[in-house]
Amino acid sequence: MHNFTLHTPTKIIFGKGQIAQLGNEIPKDAKVLLIYGGGSIKYNGVLAQVYAALKDFSVKEFGGIEPNPAYEILIGAVEYIHHHEIDYLLAIGGGSVIDGTKFIATAVNYPHENLWEILSTNGDHITSALPFSCVLTLPATGSETNNISVISRRETNDKQHFTSPFIFPKIAILDPEVTFSLPEHQIANGIVDAFIHTLEQYLTYPVNAKVQDRYAEGLLMTLLEEGSRALKEPENYDVRANIMWAATQALNGILGAGVPQDWATHMLAHQLTAFHGLDHAQTLAIILPNLLQEKRRAKQDKLLQYAQRVWGFTEGSEEEQVNQAIHATRQFFENLGVKTHLSDYQLDGRSIPAMIKKLEQQGLVALGEHQDITLDVSKRIYEASI
Ligand code: NZQ
Ligand code: ZN
């Protein structure tokens, strides 16, 4: 096991009716800005619950954060904060709203004029951030308890992330009931995203980290079991609770502590969203099976462990077991309704040269746990994904 430092300071409040706790958790004198997306929280009652909890607080609103949150919109929120008395942010939504809030929280006090620099320097110059909390409405990204934010810039086709010790949410409210209003495809997206977060930290090479391995296998098996049930039994609270908790755990730091990590699937996938607007999970489902095929020699030991322990494939040669596991993974995504080829989204690969160029511009030229996914390898993975 590698050395590691782990700090996960977000206070998690989990369960039915827990949005009501906000009033006890946010400082009484806070001047709060509610930040949300396209309006789902208005029709599913979440916004009303937040207002009830914050009835004694000074509250203002900034809505309209789109999926794959746009830099161009977020800087509007930064302006808004400069002109209003705000000292606390509350994100209400999925990963896009929470990531957008993380960016806003750091951009408000950022010492340089060029705010995109927060992304292009991976948050290196951040010295402070407004305090913020979140009410999660879509289990998927893990953003609710981690220190990662992914922001898109529409005008330049950039989608990049930054990390910072200043962007852990103070409090995360996780009420599985608020996920009942999610459309089926967003539930499926969330399951795929959490599954692939786990694989990015598990399918590398062995370092004899038994706790992390079995923890990852537990999350994967939970997502496999509950994934298809979530679509068949849309009002099953326990299923939603298991998925919500699994998705948070899949990217809150503990799984990846002390083990090698890959993340090449995510970096290649981000370009697909930046160029074609596909959902985050769709892009992951397209890239991952081909990346596993491409790197199967280097990942052989863990792929075999995955095949045997997660899928129960123990018959046939090692080669066959790995084949079965990669095939079953793709099939799991397809069964959830998340298509796994570029052609399923009417894309023919014409943008591959531009995406490769973007990877190069962003310095993503040596990806994966061995830093051996060069631009040539990335190109092969994109081509195999058509
Ligand atoms: O905008 P509203 O109207 O709220 O609708 C949203 C949005 O259209 C809807 N939705 C959310 N909760 C709902 C709901 N609709 C009905 N009922 C509810 N309870 O769902 C749509 C998608 O929301 P979004 O926040 O975009 O989805 P997700 O949580 O999948 O977030 C995706 C973003 O997170 C980034 C992705 O790249 C993408 O930009 N990621 C963030 C990570 C992180 N911070 O750690 C890691 C991930 O790998 C990922 O990259
Ligand atoms: Zn992801």
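We count ligands from 1, going down the list as the structure has it; atoms in each ligand are counted the same way.
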Applying a strict 4.0 Å limit to heavy atoms, is Tyr43 in contact with ligand 1? yes
Decide whether Asn323 and Arg296 meet the rule of one side-chain donor and one side-chain acceptor closer than 3.5 Å. yes
Which option, Glu144, Gln186, His197, His280, owns the non-hydrogen atom nearest atom 21 (C) of ligand 1? Gln186
Among the clusters formed by ILVMFWY side chains lying less than 4.5 Å apart, do Phe332 and Leu203 turn up in the same one? yes
For residues Glu61 and Tyr36, is any side-chain donor paired with an opposing acceptor at under 3.5 Å? yes
Look at the aromatic rings of His84 and Tyr80 and report parallel, tilted or perpendicular, splitting at 30° and 60°. parallel
Element-labelled atoms of ligand 1 that are located less than 4.0 Å from some non-hydrogen atom of Lys159: 36 (C), 37 (O), 38 (C), 39 (O)
Hydrogens and angles aside, do His197 and Asp193 bring a side-chain donor and acceptor to less than 3.5 Å of each other? yes
Closer than 4.0 angstrom: is that true for some heavy atom of Gly39 and an atom of ligand 1? yes
Should the ring pair Phe333 and Phe195 be called parallel, tilted or perpendicular, given that the plane angle runs from 0 to 90° and is split at 30 and 60? perpendicular
Please work out, at 4.0 Å between heavy atoms, whether the side chain, the backbone, both, or neither of Asp99 comes within that distance of ligand 1. side chain
Angle in degrees, rounded to 10°, that OD1 of Asp193 and NE2 of His266 form at the Zn ion (ligand 2): 120°
I'd like to check whether Val178 has a polar contact with ligand 1, where a contact means an N/O of the residue lying under 3.5 Å from an N/O of the ligand. yes
For Asn189 and ligand 1, answer yes if some heavy atom of the residue is under 4.0 Å from a ligand atom, otherwise no. no
Got Ile286 and Leu347 here, is their nearest side-chain heavy-atom distance under 4.5 Å? no
Side-chain donor-acceptor pair present, Thr222, Asn242, cut-off under 3.5 Å: no
Heavy-atom distances under 4.0 Å are what count here, so tell me which part of Leu251 touches ligand 1: side chain, backbone, both or neither. side chain
Could you check which of Val135, Val97, Leu182 puts a non-hydrogen atom nearest to atom 10 (N) of ligand 1? Leu182
Asn146 to ligand 1: N or O pair under 3.5 Å? yes
For ligand 1, find out whether one of its N or O atoms is nearer than 3.5 Å to an N or O atom of Ser40. yes
Do me a favour and list the nearest non-hydrogen protein atom to atom 1 (O) of ligand 1 with residue, atom name and distance? Gly38 N, 2.6 Å
Can a protein heavy atom be found under 4.0 Å away from atom 42 (C) of ligand 1? yes
Close approach, Pro69 and ligand 1, non-hydrogen under 4.0 angstrom: yes
Numbered in order shown, the ligand 1 atoms found under 4.0 Å of a heavy atom of Ser143 are 43 (C), 44 (N)
Got the closest protein heavy atom to atom 29 (O) of ligand 1, with its distance? Gly95 N, 2.7 Å
Close N or O approach (Ser181, ligand 1; < 3.5 Å): yes
Consider ligand 1: state whether an atom of it lies below 4.0 angstrom from any non-hydrogen atom of Glu66. no
Taking the inter-plane angle between the rings of Tyr110 and His112 on a 0 to 90° scale, is it parallel (under 30°), tilted (30 to 60°) or perpendicular (over 60°)? perpendicular
Tyr382 and Gln271: side chain donor to acceptor below 3.5 Å: no
Checking a contact table here: which protein heavy atom is nearest atom 39 (O) of ligand 1, and how many Å away? Asn68 OD1, 3.2 Å
Side chain or backbone of Thr141 under 4.0 Å from ligand 1, or both, or neither, by non-hydrogen atoms? both
Measure up the His270 and His280 rings against each other and bin them: parallel (under 30°), tilted (30 to 60°), perpendicular (over 60°). tilted
Under 3.5 Å, is there a donor-acceptor pair linking the side chains of Gln212 and Gln201? no
The closest protein heavy-atom partner of atom 11 (C) of ligand 1 is Thr137 OG1, 3.5 Å
Look at the rings of Tyr202 and Tyr306 and say which category their plane angle falls in: under 30° parallel, 30 to 60° tilted, over 60° perpendicular. perpendicular
Ligand 1 to His266, heavy atom cutoff 4.0 Å, flagged ligand atoms 48 (O)
Among Pro67, Gly37, Gly93, which one has a heavy atom closest to atom 8 (O) of ligand 1? Pro67
Provide, to 0.1 Å, the distance between atom 20 (O) of ligand 1 and the closest protein heavy atom, together with that atom's residue and name. Leu138 CD1, 3.5 Å
Any donor-acceptor pair under 3.5 Å linking the side-chain atoms of Asn68 with those of Lys159? yes
Does only the side chain of Asn44 get under 4.0 Å from ligand 1, or the backbone, or both, or neither? Count heavy atoms. side chain
Ion pair Lys102/Glu144, N-O distance below 4.0 Å: no
Does only the side chain of His270 get under 4.0 Å from ligand 1, or the backbone, or both, or neither? Count heavy atoms. side chain
Among all the protein's non-hydrogen atoms, which is closest to atom 24 (P) of ligand 1, and how far away is it? Ser96 OG, 3.4 Å
Any side-chain donor paired with an acceptor under 3.5 Å for Gln362 and Asp158? yes
